[in-house]
Amino acid sequence: MAYILPPTPISPISFTEDILQCPICKKTFKSKRGLSQHKAIIRRYNSSRVGFYKLPKNFINEFKKTLVFLIHRQLPCHFTKIGLKAVTVACTESQFFATFGGNIHHYSNKSRIHKCIFGGPDASSKLAQVFGDTNWGTKFYHGNEVTSVVTNLDDIDTEEENPLDRKRKFKIYSQRNPRYKRGQVIIEWKPRQEKDVKSNKYEGGFLHIHFWVTKKRIMDH
């Protein structure tokens with residue numbers, strides 16, 4: 001009588017050791033050389049270029065306070081107003097570089113767009129260093145209620161999360177590639193140019209911050 005041996009269980013395959021990934025943009029590479037080249041390019045993005053001018057430290061610190069103020073204005077008290085938020089403010093390219101230099105992760109020579117990506121366990125502390133304010137993304141309300149910027153999805157308790165917040169989240173994630181992902185703070189600098197009917201050109205630079213906010217209640221101990 002022939003016996004059929006049971007199939008050998010297949011161990012789950014882990015790609016952790018084989019995949020090389022940028023911890024910031026999550027781009028993967030097939031070799032250490034590719035990841036090293038990626039890091040080298042990012043270092044160039046954060047090197048001062050010809051045409052950038054030096055700004056007083058006090059001026060940059062005041063600008064950072066303004067950015068924190070504008071972010072806090074987007075941290076509402078009511079659950080119905082949470083979700084994806086945006087801040088836009090006029091800003092020169094030199095001003096952007098003086099504020100976020102060292103954290104620029106993408107730059108386009110063609111469009112001259114700078115982009116910073118903050119997300120993950122250390123994102124909030126990194127931005128606290130940038131802004132010089134540990135409460136840059138947190139606003140406290142009466143009744144132990146707190147509205148905060150989402151920088152790390154692991155910090156959110158889905159059981160305590162408001163149903164409206166979850167509904168917005170799933171609506172965004174139903175898209176194939178959402179531009180602004182929950183759990184990330186995207187800070188960009190973009191130039192703008194317009195013409196009038198006589199072809200006179202007008203141009204300026206703008207800083208854009210996109211982020212998600214959530215709301216919870218702090219329990220008394």
Side-chain angles (χ1 to χ4, degrees), residues 23-25 46 55-92 94-105 114-166 168-169 172 178-190 205-221:
I24 297 175
C25 65
N46 290 278
L55 292 164
K57 187 175 181 179
N58 289 342
F59 173 81
I60 295 302
N61 288 338
E62 290 299 318
F63 179 60
K64 291 178 180 180
K65 289 180 182 179
T66 300
L67 293 179
V68 172
F69 171 79
L70 293 173
I71 290 172
H72 270 234
R73 292 194 68 183
Q74 297 297 320
L75 302 180
C77 179
H78 203 276
F79 275 115
T80 59
K81 295 183 179 180
I82 59 178
L84 181 62
K85 301 293 181 179
V87 167
T88 299
V89 62
C91 172
T92 67
S94 296
Q95 190 175 352
F96 177 86
F97 190 86
T99 306
F100 296 101
N103 295 287
I104 299 170
H105 201 77
H114 299 265
K115 182 178 181 180
C116 304
I117 304 172
F118 295 92
D122 61 347
S124 184
S125 60
K126 281 185 178 180
L127 283 165
Q129 292 177 356
V130 170
F131 292 127
D133 188 339
T134 55
N135 290 320
W136 69 270
T138 304
K139 192 170 184 177
F140 299 91
Y141 290 96
H142 292 294
N144 292 333
E145 293 188 342
V146 177
T147 303
S148 58
V149 176
V150 181
T151 57
N152 185 18
L153 295 179
D154 292 338
D155 290 341
I156 298 177
D157 188 342
T158 55
E159 295 297 324
E160 295 182 359
E161 197 175 15
N162 184 269
L164 291 172
D165 196 17
R166 290 201 298 269
R168 291 189 183 93
K169 176 183 67 175
I172 292 295
R179 185 174 182 182
Y180 302 110
K181 296 179 180 179
R182 195 166 187 261
Q184 289 185 340
V185 177
I186 305 298
I187 304 176
E188 299 169 292
W189 182 87
K190 299 179 181 180
F206 295 87
L207 182 152
H208 305 272
I209 308 177
H210 287 85
F211 53 92
W212 284 77
V213 301
T214 190
K215 186 176 178 61
K216 64 181 180 179
R217 177 169 294 179
I218 300 176
M219 302 301 294
D220 291 323
H221 296 287

Practice task
If the plane angle is over 60° it's perpendicular, under 30° parallel, otherwise tilted; pick one for H208 and H210.
Solution key: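 Correct class here is parallel.
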Practice task
Let me know which of L70, T88, I187 forms a side chain to side chain contact (heavy atoms under 4.5 Å, CB included) with L207.
Solution key: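 With L207 as partner, side chain to side chain contact (heavy atoms under 4.5 Å, CB included) holds for just one option, I187.
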Is there a donor-acceptor pair under 3.5 Å between the side chain of [X] and the backbone N or O of [Y]?
X	Y	result
T151	G119	no
T138	N135	no
K115	I104	no
H72	W136	yes
N46	N103	yes

Exercise for the section: Step through it carefully: locate the ring centre of H114, locate the ring centre of F96, and say whether they are under 6.0 Å apart. Expected result: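 Close enough - the centres of the two rings lie under 6.0 Å apart.
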Handout entry: Working for side-chain contact (heavy atoms from CB on, under 4.5 Å), residues Q184 and F118
Key = CA-CA 6 Å; Q184 289 185 340; F118 295 92; over 6 Å; no
Handout entry: Reported CH2-to-OG distance for the pair W189 and S94, which is rounded to 0.5 angstrom
Key =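 The OG atom of S94 is 8.5 Å from CH2 of W189, to the nearest 0.5 Å.
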Practice task
Determine, stepwise, if the pair K190 / F206 fulfils side-chain contact (heavy atoms from CB on, under 4.5 Å).
Solution key: CA-CA 5 Å; K190 299 179 181 180; F206 295 87; 5.7 Å; no
Exercise for the section: Using a strict cut-off of less than 4.0 Å between a Lys/Arg side-chain nitrogen and an Asp/Glu carboxylate oxygen, indicate whether K215 and E145 qualify as a salt bridge. Expected result: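 Yes, K215 and E145 are salt-bridged.
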